[in-house]
2 protein chains.
Amino acid sequence: MGNADYEQLLRGASLRVTRPRVAVLGAVSDNAHADTETILGAVRERLPDVSHQAVYDSLAALSAAGIVRRIQPSGSVARYETRVGDNHHHVVCRSCGNIADVDCAVGHTPCLTASDDNGFVVDEAEVIYWGTCPQCQAAQRSK
Amino acid sequence: MGNADYEQLLRGASLRVTRPRVAVLGAVSDNAHADTETILGAVRERLPDVSHQAVYDSLAALSAAGIVRRIQPSGSVARYETRVGDNHHHVVCRSCGNIADVDCAVGHTPCLTASDDNGFVVDEAEVIYWGTCPQCQAAQRSK
DNA sequence: CCCGTTTCTTGACTCATTCAAGATTTCGCG
DNA sequence: CGCGAAATCTTGAATGAGTCAAGAAACGGG
């Protein structure tokens with residue numbers, strides 16, 4: 001995806017097109033599940049003088065517009081990804097914190113209907129699988 | 001549940017029985033989904049001079065032992081509950097952050113098998129439903 | 001090209017959580 | 001019941017992701 005595409009995305013969401021936002025979009029696209037610090041670094045490769053505040057603002061704006069998704073498993077800092085709207089979920093490694101994408105097994109919107117929703121109007125279901133990634137499995141076995 | 005029961009729980013998990021731990025267990029039992037600050041307050045009603053550090057340590061020990069569960073939805077501080085091992089999930093209100101329990105609709109361990117696990121060994125699936133609680137629905141309508 | 005609004009920069013600040021060192025407590029064992 | 005090693009707690013300071021605020025700059029409709 002080129003910057004022109006990112007601009008399209010932004011305009012499509014009625015967001016102003018600014019250098020930091022385009023750079024943030026690119027950084028998030030290239031670094032799936034990256035934490036804020038990693039994204040900040042990646043953004044500065046494209047645009048050396050951005051402030052961290054601009055990155056936070058951009059991420060918040062993009063999240064609100066639904067262009068990026070913010071994920072934050074317990075005990076982890078915020079992470080972001082661009083793959084939105086396709087109902088996929090995440091596996092998180094308990095030892096190293098790595099995150100991988102998982103397409104949900106059951107149909108297309110599984111678990112979206114709770115048995116008793118306590119009167120809540122539910123608009124999204126988020127699934128996080130906890131486990132151990134291949135690398136950490138190997139590391140544990142060889143211990 | 002009385003303190004004797006909490007002691008049983010602790011001993012059963014091979015944990016030392018200390019005043020702070022018993023107080024923390026009681027506080028978490030009485031305050032489902034409470035954040036750390038609330039728990040700290042509740043603990044001090046039972047045991048006025050505990051340090052916040054002891055509460056953190058106890059919560060960590062109890063979590064590790066599987067007696068309490070730590071939940072931390074995005075944008076929220078850590079919260080704890082004692083209802084463990086029954087595969088229930090949570091609805092979180094986007095406006096006020098309230099959390100309610102939800103028993104999962106589909107069978108007993110839905111979504112536990114991802115379609116492609118990327119080599120991860122998954123041991124737990126956590127589901128978070130995002131929506132709006134009844135109070136906030138009312139508040140929004142009357143705006 | 002201009003102007004009002006949004007967004008960015010700079011820098012200070014919050015506050016949940018963690019770290020460290022030394023004092024206490026717990027509990028198995030005699 | 002009392003000892004001693006190990007775990008746990010107290011105190012107090014430090015960390016660091018994220019937020020807040022005020023003024024400067026950039027965006028884009030007209």
Side-chain angles (χ1 to χ4, degrees), chain A residues 3-4 6-25 27-28 33-44 46-65 67-68 70-80 97, chain B residues 3-4 6-25 27-28 33-44 46-65 67-68 70-80 97:
Chain A
N3 282 2
Y6 298 140
E7 289 189 21
Q8 286 304 314
L9 268 174
L10 291 169
R11 290 184 201 283
S14 310
L15 291 176
R16 287 193 174 177
V17 177
T18 65
R19 294 183 144 282
R21 285 184 179 170
V22 174
V24 166
L25 249 185
V28 177
H33 311 136
D35 57 45
T36 320
E37 188 183 344
T38 304
I39 291 174
L40 188 53
V43 169
R44 288 194 169 140
R46 295 151 194 264
L47 199 64
D49 295 324
V50 260
S51 59
H52 71 141
Q53 187 61 50
V55 174
Y56 274 101
D57 283 355
S58 300
L59 287 170
L62 294 171
S63 303
I67 297 176
V68 305
R70 175 183 179 141
I71 50 185
Q72 182 177 26
S74 301
S76 169
V77 296
R79 291 159 180 271
Y80 295 86
Chain B
N3 281 3
Y6 297 141
E7 289 190 21
Q8 285 304 315
L9 268 175
L10 290 169
R11 288 183 202 285
S14 312
L15 290 177
R16 289 193 175 178
V17 177
T18 65
R19 294 182 143 283
R21 284 184 180 171
V22 173
V24 167
L25 249 185
V28 176
H33 311 136
D35 56 46
T36 321
E37 188 182 304
T38 304
I39 290 174
L40 187 53
V43 169
R44 288 195 169 138
R46 295 151 194 265
L47 199 65
D49 295 325
V50 259
S51 60
H52 71 141
Q53 187 61 52
V55 173
Y56 274 100
D57 282 354
S58 300
L59 287 170
L62 294 171
S63 304
I67 296 176
V68 305
R70 176 184 179 142
I71 50 185
Q72 184 177 26
S74 302
S76 170
V77 296
R79 290 158 181 271
Y80 295 86

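To find a chain, count down the sequence lines: A is the first, B the second, and so on, and within it residues start at 1.
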Could you give the side-chain donor-acceptor pairs of residues 46-58 of chain A under 3.5 Å, partners two or more places apart or in another chain?
| residue | atom | partner | partner atom | Å |
| --- | --- | --- | --- | --- |
| A:R46 | NH2 | A:G26 | O | 3.3 |
| A:R46 | NH2 | A:D30 | OD2 | 2.4 |
| A:S51 | OG | A:A54 | N | 3.2 |
| A:Q53 | NE2 | A:D57 | OD1 | 3.2 |
| A:S58 | OG | A:A54 | O | 2.8 |

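The side-chain hydrogen bond (donor to acceptor under 3.5 Å, both in side chains) search around B:S76 returns B:R79, not counting sequence neighbours. The side-chain contact (heavy atoms from CB on, under 4.5 Å) search around B:A61 returns B:R21, not counting sequence neighbours. A search for salt bridge (charged side-chain N to carboxylate O under 4.0 Å, His left out) contacts involving A:R11 returns A:E7, not counting sequence neighbours. Residues that satisfy the side-chain contact (heavy atoms from CB on, under 4.5 Å) test with A:A13, not counting sequence neighbours, are A:L15, A:A65, A:I67.
The residue B:D49 sits close only to the backbone: its heavy atoms come under 4.0 Å of sugar-phosphate atoms, none of a base.
By the 4.5 Å heavy-atom criterion applied to side chains, B:V43 and B:V28 are not counted as neighbours. Inter-residue side-chain proximity for B:T36 and B:L40 is flagged as unmet; no heavy-atom pair is nearer than 4.5 Å.
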Per-nt protein contacts along nucleotides 25-30 of chain D (heavy atom under 4.0 Å; B base, S backbone sugar-phosphate only, - none) come out as -BBS--

Counting primed atoms, P, OP1 and OP2 as sugar-phosphate and everything else as base, the B/S/- map of nucleotides 17-24 of chain D against protein heavy atoms under 4.0 Å is SBBB----

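With rounding to the nearest 0.5 angstrom, the CG atom of B:L62 is 9.0 Å from the CG atom of B:L9. Separation of atoms CD1 (B:I39) and OH (B:Y80) is listed at 7.0 Å; rounding is to 0.5 Å. Rounding to the nearest 0.5 Å places CG of B:N3 at 9.5 Å from CG of B:L25.
In 5' to 3' order, the nucleotides of DNA chain C bounding all contacts with chain A (an atom under 4.0 Å from a heavy atom) are C:dG4 to C:dG11.
Contacts classified as salt bridge (Lys or Arg N to Asp or Glu O under 4.0 Å) and involving residues 35-44 of chain B (residues at least two apart or in different chains) are not found.
A pairwise comparison of heavy atoms in A:A78 and A:R70 identifies CB-NH2, 3.6 Å as the closest pair.
At its two ends the helix from C:dC1-D:dG30 to C:dG30-D:dC1 runs along axes set 50° apart, each axis drawn from five pairs and the angle rounded to 10°.
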